[in-house]
Amino acid sequence: MMPPAVVPDAAWLQNPRQAAACRRRLLAWYGEHKRDLPWRRSDDPYAVWLSEVMLQQTRVATARSYYERFLQRFPTIFDLAVAAEGEVLKAWEGLGYYSRAQNLQRAARVVVADHDGKLPDTYAGLLALPGIGPYTAAAISSIVFDRPHPALDGNVMRVLCRLLRLEGDPRRTPARVQMIRAGEALMPKTGTGDLNQALIELGARVCLPTRPRCAECPVTNWCRARAELDDPSVLPMRPRRKERPHLQVTAGIIRRAGKLLIAQRPPGGMLAGLWEFPGGKQEPEESLAECLRREIMEELGIIIDVEEEIACVDHEFTHLSITLHAFAARYRSGRTRAIACSAFEWIDVGRLHDYAIPRADHLVLEALTAGGASLHDFINRE
DNA sequence: AAGACGGGGGG
DNA sequence: CCCCCAGTCTT
């Protein structure tokens, strides 16, 4: 069927002939343009699941190498289930949103314990697992089990908001209901995973956030935003940006008898479960050295001598930015205890690479190296 | 319904 | 700089 000569009204997708025509265009375009990605070569539910979790809020180019390495390290769901959490976090190091890794392993343990290691084959069953929300449940259930659930990720929401000219916030229920209805209308009898991936791919490569390539779009003739708006890219409506506070943060490179002190961040918050050079936020009317002494006492119960600042790096998070000041420091007195951290260790410097460490702390290490020094120098001096 | 949660790439 | 990415969880 040819595309309609006139852009149809909002109900066009409920016309089965129109929906079928649009679906054929999408699938044909996907057949020609789909990228050869590692997870598309696999029909292992565990591998598809891993890819979907890694791709949450993460670009394909970033996730790709992590996916390959993770699968080598944990080839099956059983390997993941029995692994130590630290090993899993280490494999996730640098990818961000570390609760994804922890939830992935929790879910793996549930699946092994309760489902004989087989992933649930329904949307509802998948949704019940930790780390699997509406998008991921729809993606896995369609790609692996051919279930007809539209997968509304950021790409698909953008495509559908424009196609249907939805003016509301796509995260809110009214717009979501419209998008789910449209996705279901587009769903084929079989091959639902391809339809979902076609919409995702279209959003990622053609229906771009700021400069949509409407001339290359296979369904441009169905697009209400294209037909009715001067600038289709005003959709979807974006929630207003929030400003990011900037913090001064200290970290101690603390030595004692040739060992280095590292602390594990507590569960629930930022970078939960990762290991870092201990320290914390500077408070008003407080010097950086005072800040570091106070934080180390509060977190670990020991008194330290703070020496000179040996590195200073800037780092951006989604919701805040920091300047991280690293100081050389020496243990003076007190018994080390995990008061405001999950755990601590006095380690040999060479063992640092066994621990999952936040990006900002890696930046400190790089700054030391760039300055011609090394962690080893600071731990073994005096 | 709103905020927290990492890090990085592209315009 | 700003946007936003194959979102989920908590409150």
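Any value given below was found using the heavy atoms of this structure, including those in side chains, with hydrogens, waters and symmetry copies removed. Convention: sequence-line order gives letters A, B, ...; per-chain numbering from 1.
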Looking across every strand, which nucleic acid part, if any, lies under 4.0 Å from [X] by heavy atom: base, sugar-phosphate, or nothing?
{"X": "A:Y135", "value": "base"}
{"X": "A:R158", "value": "sugar-phosphate"}
{"X": "A:I143", "value": "nothing"}
{"X": "A:R172", "value": "nothing"}
{"X": "A:W92", "value": "nothing"}
{"X": "A:L95", "value": "base"}
{"X": "A:G96", "value": "base"}
{"X": "A:S51", "value": "nothing"}

How about A:R35: does its CZ atom have over 12 heavy atoms from other parts shown lying under 6.0 Å from it?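 Yes, because the 6.0 Å sphere around CZ of A:R35 holds more than 12 heavy atoms from other groups.
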
Look at the aromatic rings of A:F74 and A:F70 and report parallel, tilted or perpendicular, splitting at 30° and 60°.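 A:F74 vs A:F70 ring planes: tilted.
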
Over 60° means perpendicular and under 30° means parallel, so tell me whether A:F317 and A:H315 are parallel, tilted or perpendicular.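 Geometry flag for A:H315 against A:F317: perpendicular rings.
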
Taking OP1 and OP2 of B:dG7, is either one under 4.0 Å from a side-chain nitrogen or oxygen of A:Y66?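 Indeed not, no polar side-chain atom of A:Y66 lies that close.
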
Tell me whether the OP1 or OP2 atom of B:dA4 has a side-chain N or O from A:H319 closer than 4.0 Å.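 Looking at the OP1 and OP2 atoms of B:dA4, neither is under 4.0 Å from any side-chain N or O of A:H319.
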
Give me the distance, rounded to whole Å, that separates [N] from [M] when you measure between the [atom1] atoms they each carry.
{"N": "C:dT8", "M": "B:dG9", "atom1": "P", "value": "23 Å"}
{"N": "C:dC9", "M": "B:dG8", "atom1": "C1'", "value": "23 Å"}
{"N": "B:dG6", "M": "C:dT11", "atom1": "P", "value": "15 Å"}
{"N": "C:dC4", "M": "B:dC5", "atom1": "C1'", "value": "15 Å"}

Is the shortest side-chain heavy-atom distance between A:Y355 and A:E93 below 4.5 Å?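 Heavy-atom side-chain distance check fails, nothing below 4.5 Å.
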
Do A:Y331 and A:L261 come close enough that some side-chain heavy atom pair is under 4.5 Å?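 When only atoms from C-beta onward are counted, A:L261 and A:Y331 do not touch, as no gap falls below 4.5 Å.
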
For A:R211 and A:Y98, find the nucleotide of DNA chain B closest to each by heavy atoms; which residue's nucleotide sits nearer the 5' end?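 The 5'-side residue here is A:Y98.
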
Name the one of A:E286, A:E283, A:H325, A:K281 that satisfies side-chain hydrogen bond (donor to acceptor under 3.5 Å, both in side chains) with A:Q248?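 Considering A:E286, A:E283, A:H325, A:K281, a side-chain hydrogen bond (donor to acceptor under 3.5 Å, both in side chains) with A:Q248 is found only for A:H325.
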
Tell whether A:T62 reaches the base of B:dG7 with its side chain through a donor-acceptor pair below 3.5 angstrom.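 No, no donor-acceptor pair under 3.5 Å.
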
If you go through the side-chain atoms of A:T58, does one of them form a donor-acceptor pair with the base of B:dG6 closer than 3.5 Å?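 Such a pair is found, so the answer is yes.
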
May I ask which nucleotide in the shown strands pairs with B:dG3, Watson-Crick or G-U wobble, both distances under 3.5 Å?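 Here B:dG3 is engaged in a pair, and the nucleotide opposite it is C:dC9.
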
Between atom CD in A:E276 and atom P in B:dG6, what is the gap in whole Å?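 Atom CD in A:E276 sits about 12 Å away from atom P in B:dG6.
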
Between A:N103 (CG) and B:dC5 (C1'), how many Å, whole number?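 Spelled out: CG on A:N103 to C1' on B:dC5 is 12 Å.
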
Residue-level proximity of residues 351-370 of chain A to DNA chain B when a heavy atom falls under 4.0 Å: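 The stretch gives A:P358, A:R359 as the residues lying under 4.0 Å from the strand, ordered by number.
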
State plainly whether the residues A:R351 and A:D348 are in salt-bridge range, i.e. N to O under 4.0 Å.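 No, A:R351 and A:D348 are not salt-bridged.
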
N/O donor-acceptor pair under 3.5 Å between A:Q197 side chain and A:K34 backbone: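 Side chain of A:Q197 to backbone of A:K34, a donor-acceptor pair under 3.5 Å: no, none is there.
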
Under 4.0 Å from any heavy atom of chain A: name the first and the last nucleotide of DNA chain C that qualifies, 5' to 3'.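 Nucleotide range with atoms under 4.0 Å of chain A: C:dC3 to C:dC9.
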
Salt bridge (charged side-chain N to carboxylate O under 4.0 Å, His left out) involving A:E366 - partner list, sequence neighbours excluded: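 For A:E366, the residues satisfying salt bridge (charged side-chain N to carboxylate O under 4.0 Å, His left out) (neighbours in sequence not counted) are A:R359.
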
For A:Q57 and A:R100, does a side-chain donor sit closer than 3.5 Å to a side-chain acceptor?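 The answer is no; no qualifying pair exists.
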
Can you confirm whether the side chains of A:H149 and A:T192 place a donor and an acceptor under 3.5 Å from each other?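 No, no side-chain donor-acceptor contact under 3.5 Å.
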
Minimum-distance nucleotide (side-chain atoms of A:T210 versus B:dA1, B:dG11, B:dG7):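 The answer is B:dG11.
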
